[in-house]
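Reviewing the structure listed below.
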There are 2 protein chains.
Amino acid sequence: MTIRGKATSLDIAHLAGVSQPTVSRALRGSPMVNPETRERILRIARELNYKVDKNASSLRLRNAGTLALLFFEDPTNDDSLINPFFHAMLGSITRACALRGNDLLVSFQQLSTDWQADYEDSNKADGIILLGYGDYHESRERLQRLVEQGTHFVRWGAALPDQPGVSIGCDNFQGGHDITAHLLDQGCRRIAFIGHASSHYPEFEERHRGYVAAMTARGVAAVPALQRDAITTEQSGYEACLALLASGEKFDALFGASDLIAIGAMRALREAGLRVPQDVALVGFDDIPLAASVSPTLSTVQQDTKQAGQLLVEKLLALIQGEKVEGQTIPVKLVVRESSLAGR
Amino acid sequence: MTIRGKATSLDIAHLAGVSQPTVSRALRGSPMVNPETRERILRIARELNYKVDKNASSLRLRNAGTLALLFFEDPTNDDSLINPFFHAMLGSITRACALRGNDLLVSFQQLSTDWQADYEDSNKADGIILLGYGDYHESRERLQRLVEQGTHFVRWGAALPDQPGVSIGCDNFQGGHDITAHLLDQGCRRIAFIGHASSHYPEFEERHRGYVAAMTARGVAAVPALQRDAITTEQSGYEACLALLASGEKFDALFGASDLIAIGAMRALREAGLRVPQDVALVGFDDIPLAASVSPTLSTVQQDTKQAGQLLVEKLLALIQGEKVEGQTIPVKLVVRESSLAGR
DNA sequence: CTGAAAGCGCTTACAG
DNA sequence: CTGAAAGCGCTTACAG
């Protein structure tokens with residue numbers, strides 16, 4: 001018997017001398033198949049390098065065994081580069097999917113484009129993971145629409161009250177609090193904060209709230225003039241720090257709302273002839289790989305990307321199963337390095 | 001008429017008062033549909049938020065409209081982290097796929113695991129893009145098997161003669177040559193090379209050949225004792241550089257076969273109290289984002305990841321169309337920064 | 001320009 | 001334990 005093209009279950013059935021449904025049962029591990037028959041079928045399938053056609057089985061089972069990962073970023077800097085923090089997340093999400101026998105579709109998207117619940121609507125994916133930092137007010141109504149359409153999705157971000165859908169995020173408040181307390185412990189008193197501190201950027205806002213809380217608890221004033229808006233890019237952090245320096249306000253420490261912002265600020269400080277940490281202690285948030293490699297190495301708040309990825313996948317899968325799912329906040333960890341220590 | 005669950009083309013047919021095949025034709029833009037009828041159908045489809053079921057259409061069309069991206073790395077450091085160079089590649093591949101209406105499945109894989117032509121065998125993807133650096137001798141036979149199975153795939157890597165399948169890679173020889181020539185221009189004479197220089201790692205081997213060629217052309221000896229093996233990780237570069245320093249061999253420049261290696265070497269040099277570039281000029285290869293952020297900023301060879309991603313996708317699509325496809329080498333660009341200049 | 005029919009390759013009640 | 005039958009939702013010759 002010669003088979004042209006890929007083998008099908010029918011081909012195997014002929015070769016094994018059974019009906020096609022029996023092949024399907026054997027392959028799926030149904031208990032109602034004679035062990036010898038099953039062996040024969042499995043052997044032949046292996047020999048022919050047979051793989052179940054996923055299009056056919058997904059169509060029949062009404063389940064794709066696939067999740068979709070959507071990265072979105074504000075006015076994405078034209079090309080490729082997404083926040084390095086998400087690269088680690090991609091790794092853990094990919095592995096978590098693989099562990100559970102799911103495949104992962106990956107897509108990038110401008111925030112401006114319409115979101116594609118398409119993946120799920122077209123039955124290519126059973127659910128969607130949303131990753132990205134952007135203006136929350138703009139994305140909120142889109143999230144709302146996804147909920148209304150009954151799309152299964154989870155997102156990484158601040159887990160706020162009355163928010164559309166399920167959010168998994170780290171404890172931004174605690175992280176902001178802890179690293180600010182660390183700076184205070186180092187003797188810093190005039191601590192600048194670079195990053196948007198508004199409801200448009202809830203993660204940053206939470207970090208900023210933690211910063212204010214830590215200061216207030218010690219009776220140190222959070223000077224509004226020491227807060228500067230920035231989105232999470234090196235360039236934005238650089239520019240905000242330049243503006244801060246130009247303002248003439250004095251500060252002995254700087255908290256970048258993300259590592260990228262802090263690294264941009266580091267560049268601005270260096271250009272201004274200021275030493276880190278001797279003149280200005282510097283800290284960030286995220287613990288991207290770069291944080292450990294810049295010089296001086298950057299103190300920061302570590303988010304547990306491994307757990308994050310696992311949770312995102314698990315919760316999404318639970319949602320798809322029709323379970324009731326709640327958002328969750330993940331603990332953070334202070335990572336002290338050179339940029340906030342030594343010589344103060 | 002109430003529709004439970006997702007709308008199908010049959011639902012639309014009923015609502016539009018036509019047969020289901022007519023709906024299919026209208027949706028696919030067939031010219032043999034009455035314009036008015038088409039309009040009605042499209043409107044109803046929009047209202048119902050209808051999306052063609054990809055499982056059904058892929059099954060019928062025998063084409064998934066999906067490519068698979070497989071990252072593989074040697075003994076992957078347990079978790080997540082892939083070479084940052086590939087992150088940029090992921091970006092351009094994702095975009096190139098989207099531009100051509102293809103979706104992208106992403107998967108990580110240990111080199112040790114069996115490669116999954118599964119994606120294609122199960123008809124989930126029409127072809128595979130392979131990304132990763134590892135021992136070429138180990139992967140070669142797997143590539144050979146993919147070719148024999150008729151799997152459609154392209155890989156990023158050295159485009160060598162008589163190699164299984166289609167490879168797209170940058171001009172490693174030229175890059176190695178140019179950056180070495182640059183070091184020679186700076187007055188360096190004892191230039192160390194860190195990175196495997198064997199056929200197990202063809203990209204590195206090519207870079208090393210370029211390095212030797214540039215030296216030879218100037219009548220400078222490539223001292224074997226100044227070459228140290230390393231794979232493309234920061235840690236490996238660090239250790240190799242430490243070993244080199246311990247050997248007592250003198251050198252006034254160091255060429256890391258990848259940026260990660262160079263950055264690891266930078267750490268070792270710093271710990272040894274050597275200044276870059278004053279005591280040792282340092283260069284890498286890849287131009288990962290980190291290269292511009294470390295201090296001093298790292299001179300390196302830039303690979304055009306945007307073009308690379310486009311080519312990988314285009315060539316794979318051509319292969320799938322049954323066209324004859326050749327490998328290709330992409331030009332590189334020298335990027336001179338602080339680590340190889342100033343003060344020499 | 002449109003419909004009735006066949007079929008892509010599976011999975012699962014249903015009957016035996 | 002096994003087979004004949006139906007059906008998942010499309011697409012495309014074939015007839016008209």
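The chains referred to below are lettered A, B, ... by the order of the sequence lines, with proteins before strands, and numbering in each begins at 1. The structure presented is a predicted model; accordingly, all values stated were derived computationally and were not measured.
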Between A:Glu314 and A:Arg100, is a salt bridge (Lys or Arg N to Asp or Glu O under 4.0 Å) present by the stated rule, with each step listed? CA-CA 9 Å; A:Glu314 272 169 23; A:Arg100 285 164 186 73; 2.9 Å; yes
Please check: side-chain N/O of [X] versus main-chain N/O of [Y], any donor-acceptor pairing under 3.5 Å?
X: B:Arg25; Y: B:Ser30; result: no
X: A:Glu120; Y: A:Ala125; result: no
X: A:Ser58; Y: A:Asn55; result: no

NA contact type, [X], heavy-atom cut-off 4.0 Å: base, sugar-phosphate, or nothing?
X: B:Ser24; value: base
X: B:Leu61; value: sugar-phosphate
X: B:Thr37; value: sugar-phosphate
X: A:Arg62; value: sugar-phosphate
X: B:Arg28; value: sugar-phosphate

Using the salt bridge (charged side-chain N to carboxylate O under 4.0 Å, His left out) criterion, which residues pair with A:Arg140? Sequence neighbours excluded. none
In terms of the nearest nucleotide of DNA chain C, which residue is placed more toward the 5' end: A:Arg60 or B:Ala56?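 Nearer the 5' end of the strand: B:Ala56.
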Considering heavy-atom distances to DNA chain C, does A:Asp53 or B:Gly17 have its closest nucleotide positioned more toward the 5' end?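 Between the two, 5'-proximity favours B:Gly17.
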A:Trp156 and A:Phe85 aromatic ring geometry - parallel, tilted or perpendicular at 30°/60° bounds: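 A:Phe85 and A:Trp156: tilted rings.
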Step by step, would you call A:Ile128 with A:Leu67 a side chain to side chain contact (heavy atoms under 4.5 Å, CB included)? CA-CA 6 Å; A:Ile128 302 174; A:Leu67 304 181; over 6 Å; no
What is the 5' to 3' range of DNA chain C, first to last nucleotide, that sits under 4.0 Å from any heavy atom of chain B? C:dC1 to C:dG9
Give the intermediate values and the outcome of side chain to side chain contact (heavy atoms under 4.5 Å, CB included) for residues A:Tyr50 and B:Asp121. CA-CA 7 Å; A:Tyr50 169 80; B:Asp121 291 339; over 6 Å; no
Residue mapping more 5' on DNA chain D - nearest nucleotide basis, A:Pro21 or A:Arg38: A:Arg38
Consecutive-pair stems (at least three Watson-Crick or G-U pairs, under 3.5 Å) that include DNA chain C: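 Consecutive-pair runs (3 or more) involving DNA chain C: C:1-3 with D:14-16, C:5-12 with D:5-12, C:14-16 with D:1-3.
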Indicate yes or no: at least one non-hydrogen side-chain atom of A:Leu131 is less than 4.5 angstrom from one of A:Leu70. no
